[in-house]
Amino acid sequence: MNTIDVFLDYLSRSSSITIAVLVLLSLYFIIINWVFIYRYFSLKKWIKHEDISLKSLMMGAKKPSPDSVLSKCFKEIGKEGKELADFCKFAATKEATKGLTFLSVAASTSPFIGLFGTVISILEAFSMLGTSKASIGVIAPAIGEALVATAAGIFVAIFAYSYHLFLKRKGFELISYIQMQSDLLLSK
C-alpha cells in the first residue's frame, strides 16, 4: 500500500469535520507559504535598494538614491526634515510588516484547529466503543488516526511562526537601513 492509498484510506474513514479541519489547515499552509515567498522577495529587493542608498550617503552623496523610500517620500511631499523622515520611516514600517498579522494568526490558531479535529475524532471513536462491543484493539487505531489533525495543526504552526519571525527580522533590518539614512541626512 503506497502513501496515497494510505491517505485516501484515512480520508474515507474520517468524519466530515475532520476532513474540513484538514482542508482548512491545508489552505492555511498554502497561504502562509505564498505570503512568505511574496514578502521575502519584496523585502529582499527593498533592503538591497536601501543598502545601496546608505552606501552612497556614506560615500558623500547629499541625497538618498532615487530608489530609496526616503527619496520617494521627500519627493512626494516636497520637503525634508526630521518629522518628515520619521513619518517616512513609520510608513515604511507599516509597508514592511504587511502579512505578518496573518502569519501570527495562523501560528497561534493552527494547533487549536488541529486539536478541534482530534477531539471530534476521539469523540466519534468513543461513541463507537459505547454502541458496539468493540474492544480497545479496535478503538486504539481510531484514536491514533485522530491525532493526525493535531499533528497537521502543529506542522502548519511551526512554519507560520518561523516565517513570522524571519519576516519580522527582515522588516527590522529594512527599518534599520532607513533609520541610518535618516540619521546621516539630518547630521549633514
Side-chain angles (χ1 to χ4, degrees), residues 3 7 20-117 149-188:
T3 307
F7 181 70
V21 164
L22 292 176
V23 167
L24 180 62
L25 289 173
S26 298
L27 285 175
Y28 262 28
F29 191 69
I30 291 168
I31 293 171
I32 65 169
N33 279 297
W34 182 82
V35 167
F36 175 72
I37 291 169
Y38 174 73
R39 295 303 301 167
Y40 173 77
F41 285 110
S42 65
L43 285 174
K44 184 178 177 183
K45 183 178 174 185
W46 195 357
I47 288 171
K48 183 180 175 186
H49 290 306
E50 299 302 334
D51 183 39
I52 291 170
S53 179
L54 177 64
K55 285 178 181 167
S56 72
L57 286 173
M58 291 172 66
M59 297 297 287
K62 300 285 184 204
K63 294 190 178 264
S65 71
D67 290 331
S68 170
V69 70
L70 287 177
S71 176
K72 292 175 184 172
C73 192
F74 291 158
K75 192 177 189 179
E76 196 171 295
I77 296 178
K79 59 182 179 178
E80 298 177 12
K82 179 174 178 8
E83 290 81 19
L84 189 57
D86 288 342
F87 170 78
C88 296
K89 189 177 82 176
F90 289 130
T93 302
K94 183 180 174 193
E95 180 65 28
T97 56
K98 279 185 178 175
L100 289 183
T101 303
F102 180 77
L103 292 177
S104 178
V105 168
S108 56
T109 59
S110 295
F112 294 114
I113 294 170
L115 188 60
F116 174 72
T150 298
I154 293 170
F155 180 78
V156 171
I158 289 169
F159 280 93
Y161 188 67
S162 299
Y163 292 164
H164 177 267
L165 291 179
F166 190 77
L167 291 178
K168 188 175 172 183
R169 177 66 192 158
K170 283 285 187 192
F172 174 76
E173 186 180 346
L174 174 70
I175 300 305
S176 296
Y177 277 113
I178 294 170
Q179 182 66 48
M180 286 189 281
Q181 289 178 72
S182 173
D183 291 345
L184 266 175
L185 285 171
L186 294 174
S187 68
K188 290 183 178 179

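Reckoned from all heavy atoms, side chains included, excluding hydrogens, waters and symmetry mates.
The OH atom of Tyr177 lies 11.5 Å from the CZ atom of Phe172; values are rounded to the nearest 0.5 Å. One finds the OH atom of Tyr163 at 6.0 Å from the CD1 atom of Ile32 (value rounded to the nearest 0.5 Å). Going from atom CG of Leu43 over to atom CZ of Phe166 covers 9.5 Å, rounded to the nearest 0.5 Å. Taken from CE in Met180 to CD in Glu50, the straight-line distance is 10.0 Å, to the nearest 0.5 Å. Leu167 CG to Ser104 OG: the interatomic distance, rounded to the nearest 0.5 Å, is 12.0 Å. A distance of 10.0 Å separates OG1 of Thr93 from CG of Asp86, quoted to the nearest 0.5 Å.
For residues 23-88, the disulfide (SG to SG under 2.5 Å) pairs, not counting sequence neighbours, are Cys73-Cys88. Screening residues 78-111 for ring pair (Phe, Tyr, Trp, His ring centres under 6.0 Å) gives Tyr28-Phe102 as the qualifying pairs, with residues at least two apart or on separate chains. Listed by first and then second residue, the disulfide (SG to SG under 2.5 Å) pairs involving residues 156-188 amount to none (not counting sequence neighbours). The disulfide (SG to SG under 2.5 Å) contacts involving residues 155-188 comprise nothing, where partners must be two or more places apart or lie in separate chains.
At a threshold of 4.5 Å between non-hydrogen side-chain atoms, the residues Leu24 and Val21 do not count as touching. Side-chain atoms of Ile52 and Asp67, non-hydrogen and from C-beta on, never get closer than 4.5 Å to each other.
Among residues two or more places apart in sequence or in another chain, the side chain to side chain contact (heavy atoms under 4.5 Å, CB included) test is passed with Tyr161 by Ala107, Leu165. Applying the side chain to side chain donor-acceptor pair (under 3.5 Å) rule to Lys98 yields the partners Glu95; only residues at least two apart in sequence or on another chain are considered.
The nearest pair of heavy atoms linking Pro64 to Leu70 is CG-CB, 4.1 Å. Heavy atoms only, all atoms of each residue included: Gly171 and Ala96 are closest at CA-CB, 4.4 Å. Scanning all heavy atoms of the two residues, the minimum distance from Ile175 to Ala92 falls at CD1-C, 3.9 Å. Taking all atoms of both residues into account, the shortest heavy-atom contact from Leu22 to Ala149 is CD2-CA, 4.2 Å.
Ring geometry for Phe155 versus Phe29: interplanar angle of 30 to 60°, hence tilted.
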One pair to check against side chain to side chain contact (heavy atoms under 4.5 Å, CB included): Leu174 and Lys170. What are the steps and the verdict?
CA-CA 6 Å; Leu174 174 70; Lys170 283 285 187 192; over 6 Å; no
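By the neighbour-count criterion of 12 heavy atoms within 6.0 Å, atom NZ of Lys89 is densely surrounded, having more than that number from other residues, nucleotides or ligands.
Just one of Ser71, Ser53, Ser176, Ser65 meets the side-chain hydrogen bond (donor to acceptor under 3.5 Å, both in side chains) condition when paired with Gln181; it is Ser53.
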